[in-house]
K.L.:
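The structure follows.
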Amino acid sequence: MVKICCIGAGYVGGPTMAVIALKCPEIEVVVVDISEPRIAGWNSERLPIYEPGLDDVVRQCRGRNLSFSTDVHRHVADADIVFVSVNTPTKTCGLGAGKAADLTYWESAARMIADVSLSDKIVVEKSTVPVKTAEAIEKILAHNGRSGVRYQILSNPEFLAEGTAVRDLLSPDRVLIGGRETPEGRAAVAALRDVYARWVPGDRIITTNLWSAELSKLAANAFLAQRISSVNAISALCEATGADVAEVAHSVGKDARIGPRFLAASVGFGGSCFQKDILNLVYICECYGLPEVAGYWREVIRINDYQKCRFVNRVVSSMFNTVAGKKVAVLGFAFKKDTGDTRETPAIDVCNGLLGDKAVVSIYDPQVTGEQVARDLAMKKFDWDHPRHLQPLSATEMAKQVAVAADAYEAARDAHAVCILTEWDEFRSLDYKRMFDAMHKPAFIFDGRNVVDVAKLREIGFVVYSIGKPLDDWLKDMPAVA
Ligand code: UDX
Ligand code: UDX
Ligand code: ADP
């Protein structure tokens with residue numbers, strides 16, 4: 001019987017191991033974490049992350065062949081395959097600040113594995129790491145491990161997207177496994193392949209060398225983010241010319257070489273991966289003396305920052321160049337629908353922009369708690385472009401300027417404007433007439449996700465801005481310059 005242990009019970013480790021446990025009842029899967037509350041959450045009825053379908057999977061396997069524990073050492077020692085799925089944030093100080101991945105958690109996990117292992121292990125990189133991390137990990141294990149204990153390092157990056165994690169895990173576009181091209185390396189790749197082969201068709205399991213697997217993950221995220229920045233760049237031009245970005249994206253996406261997915265213009269991409277991975281790619285390119293390549297990818301993030309800034313400027317300029325003291329409803333705070341995750345959400349930057357202009361914001365999100373919003377807005381934001389921290393609001397300003405509402409109607413009551421920042425389905429079917437009646441006039445809607453029916457809202461009486469759509473006459477008279 002194979003035993004699997006996963007270090008890190010986060011957004012990646014938790015769902016991935018739950019699905020492995022579901023599909024491989026004869027494999028014992030233990031997820032370990034140093035965070036007691038995290039593990040307590042996974043052992044409770046209210047899982048620490050919101051992910052459609054996950055409760056069901058966990059309920060089926062927990063207590064059967066899936067468990068969650070803080071006893072990291074024991075379970076690592078017992079396992080045949082150790083997945084490492086710890087966080088790899090961007091460094092905020094020292095060499096590579098603002099770009100390089102902070103491998104502190106990774107290194108400490110590797111040293112711990114070396115310390116406690118008494119039998120051979122396959123160590124699998126699950127969290128995204130810079131290219132050549134496997135080599136560093138191999139060295140740590142070789143120099144610190146007990147004699148006679150052998151390690152094989154594999155790179156098996158996870159491609160799941162939040163909000164659709166269970167679906168993505170059950171039926172992935174591909175599973176990628178990179179390993180050393182030696183007999184031992186190939187045997188380790190085959191062992192991991194056998195695990196996935198229980199539910200993933202063979203032609204979807206790709207095996208490569210270690211470095212290709214590590215780089216493919218960074219490249220895939222960079223390509224995805226690049227599509228969004230491309231369509232967002234075009235959205236600015238659409239607004240200037242009278243073209244409609246949805247029509248343009250549809251026409252462009254019909255080309256089979258381009259494809260229709262991931263072309264939705266938005267207020268900007270967020271999430272824990274895209275910006276972090278691209279910054280990482282930029283840093284690696286710079287380290288290898290490839291400044292032109294670094295510059296190419298850096299622009300993807302610049303356009304994303306521009307898009308968020310452009311949105312805030314549009315709001316402020318439309319409302320007579322001042323939002324000071326005006327209530328602005330913010331609908332949606334998560335970085336995308338169907339998740340409560342707010343890491344790198346564009347809503348943080350948009351809210352900070354509005355708050356900087358002295359607006360009073362009332363925020364509603366169906367999955368994000370008030371405490372999370374407060375934590376996010378109180379966070380010193382790291383400016384990756386000029387490595388430094390930007391000052392957040394003081395506690396007094398926060399108390400005066402930020403409120404969290406129980407629903408969209410409460411958020412919009414007595415507001416001058418509504419900003420839609422996450423594409424939650426429920427925002428498509430709100431009673432906008434009811435909202436309009438309770439708002440100051442002129443009442444504005446700024447749709448950062450193209451979810452509303454622009455014509456209908458204009459009929460109700462709103463001044464409507466929707467990313468990349470032909471502008472209201474009102475907005476044409478008040479151009480916003482980013
Ligand atoms: C292009 C568009 O494909 C076509 O839709 C448009 O109407 C006119 O411009 P064309 O320039 O004839 O067509 O050829 P295309 O196949 O797109 O190749 C353009 C260049 O890109 C060539 O030099 C080709 O070698 C290069 N290319 C293409 C690559 O380097 N890599 C690729 O993966 C594809
Ligand atoms: C991403 C990758 O999709 C996934 O493969 C990888 O494993 C982790 O990073 P995730 O960040 O969870 O997943 O969500 P994703 O659906 O990719 O969305 C990222 C951001 O892009 C969100 O803010 C989303 O709203 C935005 N987005 C996405 C757009 O603005 N337009 C689109 O067309 C698609
Ligand atoms: P991701 O989105 O990549 O899954 P998360 O931040 O959600 O990232 O999860 C990473 C988890 O890894 C956290 O719960 C953190 O407590 C855990 N972790 C970090 N370092 C260690 C370690 N050395 N041992 C065990 N768990 C760790």
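Just so you know, these numbers come straight off a predicted model, no measurement behind them.
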K.L.:
Using modelled atom types only, decide if a donor and an acceptor are shared between the side chain of T133 and the backbone of V129 within a distance under 3.5 Å.
P.N.:
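Not a single qualifying donor-acceptor pair exists.
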
K.L.:
Would you find a donor on one side and an acceptor on the other, under 3.5 Å apart, between the side chain of S171 and the backbone of R167?
P.N.:
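The answer is no, because no donor-acceptor pair under 3.5 Å joins these two groups.
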
K.L.:
Is there a donor-acceptor pair under 3.5 Å between the side chain of T422 and the backbone N or O of A334?
P.N.:
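Yes, T422 side chain to A334 backbone: donor-acceptor pair under 3.5 Å.
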
K.L.:
So does K336 get a backbone contact from the side chain of E423, meaning a donor-acceptor N/O pair under 3.5 Å?
P.N.:
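Absent.
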
K.L.:
Mark yes or no for whether K91, through its side chain, and L95, through its backbone, hold a donor-acceptor pair below 3.5 Å.
P.N.:
yes

K.L.:
N304 side chain to F269 main-chain N or O, any donor-acceptor pair under 3.5 Å?
P.N.:
yes

K.L.:
Looking at K433 and D431, does any basic side-chain N land under 4.0 Å from a carboxylate oxygen?
P.N.:
no

K.L.:
Can you see whether F427 has R449 sitting over its ring - NZ or CZ less than 6.0 Å from the centre and within 45° of the normal?
P.N.:
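Not satisfied by the 6.0 Å and 45° rule.
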
K.L.:
Between H416 and H440, how do the two ring planes meet: parallel, tilted or perpendicular, split at 30° and 60°?
P.N.:
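Rings of H416 and H440: parallel, as their planes differ by under 30°.
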
K.L.:
Is E397 reaching over with its side chain to a backbone N or O of S394, donor-acceptor style, under 3.5 angstrom?
P.N.:
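At least one qualifying donor-acceptor pair exists.
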
K.L.:
Salt bridge check, R59 against D56: does any charged N sit closer than 4.0 Å to a carboxylate O?
P.N.:
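Yes, charged N to carboxylate O under 4.0 Å.
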
K.L.:
Side-chain contact, heavy-atom cut-off 4.5 Å: E162 with Y11?
P.N.:
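E162 reaches Y11 side chain to side chain.
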
K.L.:
Identify which one of T90, D102, T88, N221 satisfies the side-chain hydrogen bond (donor to acceptor under 3.5 Å, both in side chains) criterion when paired with K276.
P.N.:
T88

K.L.:
In terms of side-chain geometry, is the basic nitrogen of K217 or D277 positioned less than 4.0 Å from the acidic oxygen of its partner?
P.N.:
no

K.L.:
Which is it for Q367 and T339 under the side chain to side chain contact (heavy atoms under 4.5 Å, CB included) test, yes or no, and what are the steps along the way?
P.N.:
CA-CA 7 Å; Q367 281 298 332; T339 177; over 6 Å; no

K.L.:
Would you please indicate yes or no on a ring centroid separation below 6.0 angstrom for F320 and W474?
P.N.:
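Centroid separation for W474 and F320: below 6.0 Å.
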
K.L.:
For G163, is there any backbone N or O sitting under 3.5 Å from a side-chain donor or acceptor partner on E51?
P.N.:
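At least one qualifying donor-acceptor pair exists.
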
K.L.:
Using a 3.5 Å distance criterion without hydrogens, assess whether the side chain of Q307 forms a donor-acceptor pair with backbone atoms of S266.
P.N.:
yes

K.L.:
Which residues satisfy the side-chain hydrogen bond (donor to acceptor under 3.5 Å, both in side chains) test with E239, sequence neighbours excluded?
P.N.:
R310, R314, Y465

K.L.:
State whether K126 and E158 are salt-bridged, where the test is any N-O pair (Lys NZ or Arg NE/NH1/NH2 against Asp/Glu carboxylate O) under 4.0 Å.
P.N.:
yes

K.L.:
Check the angle between the aromatic planes of Y196 and W199 and answer parallel, tilted or perpendicular using the 30° and 60° thresholds.
P.N.:
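The rings of Y196 and W199 sit tilted, inter-plane angle from 30° to 60°.
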
K.L.:
Is there a side chain to side chain contact (heavy atoms under 4.5 Å, CB included) between I177 and S155? Walk through the geometry before answering.
P.N.:
CA-CA 6 Å; I177 307 173; S155 167; over 6 Å; no

K.L.:
Please check: side-chain N/O of N87 versus main-chain N/O of P89, any donor-acceptor pairing under 3.5 Å?
P.N.:
no

K.L.:
Knowing that exactly one of T345, T342, N352 qualifies, which makes a side-chain hydrogen bond (donor to acceptor under 3.5 Å, both in side chains) with D376?
P.N.:
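Of the listed options, the one satisfying the test is T342.
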
K.L.:
In terms of side-chain geometry, is the basic nitrogen of E247 or K469 positioned less than 4.0 Å from the acidic oxygen of its partner?
P.N.:
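Salt bridge flag = no for K469 with E247.
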
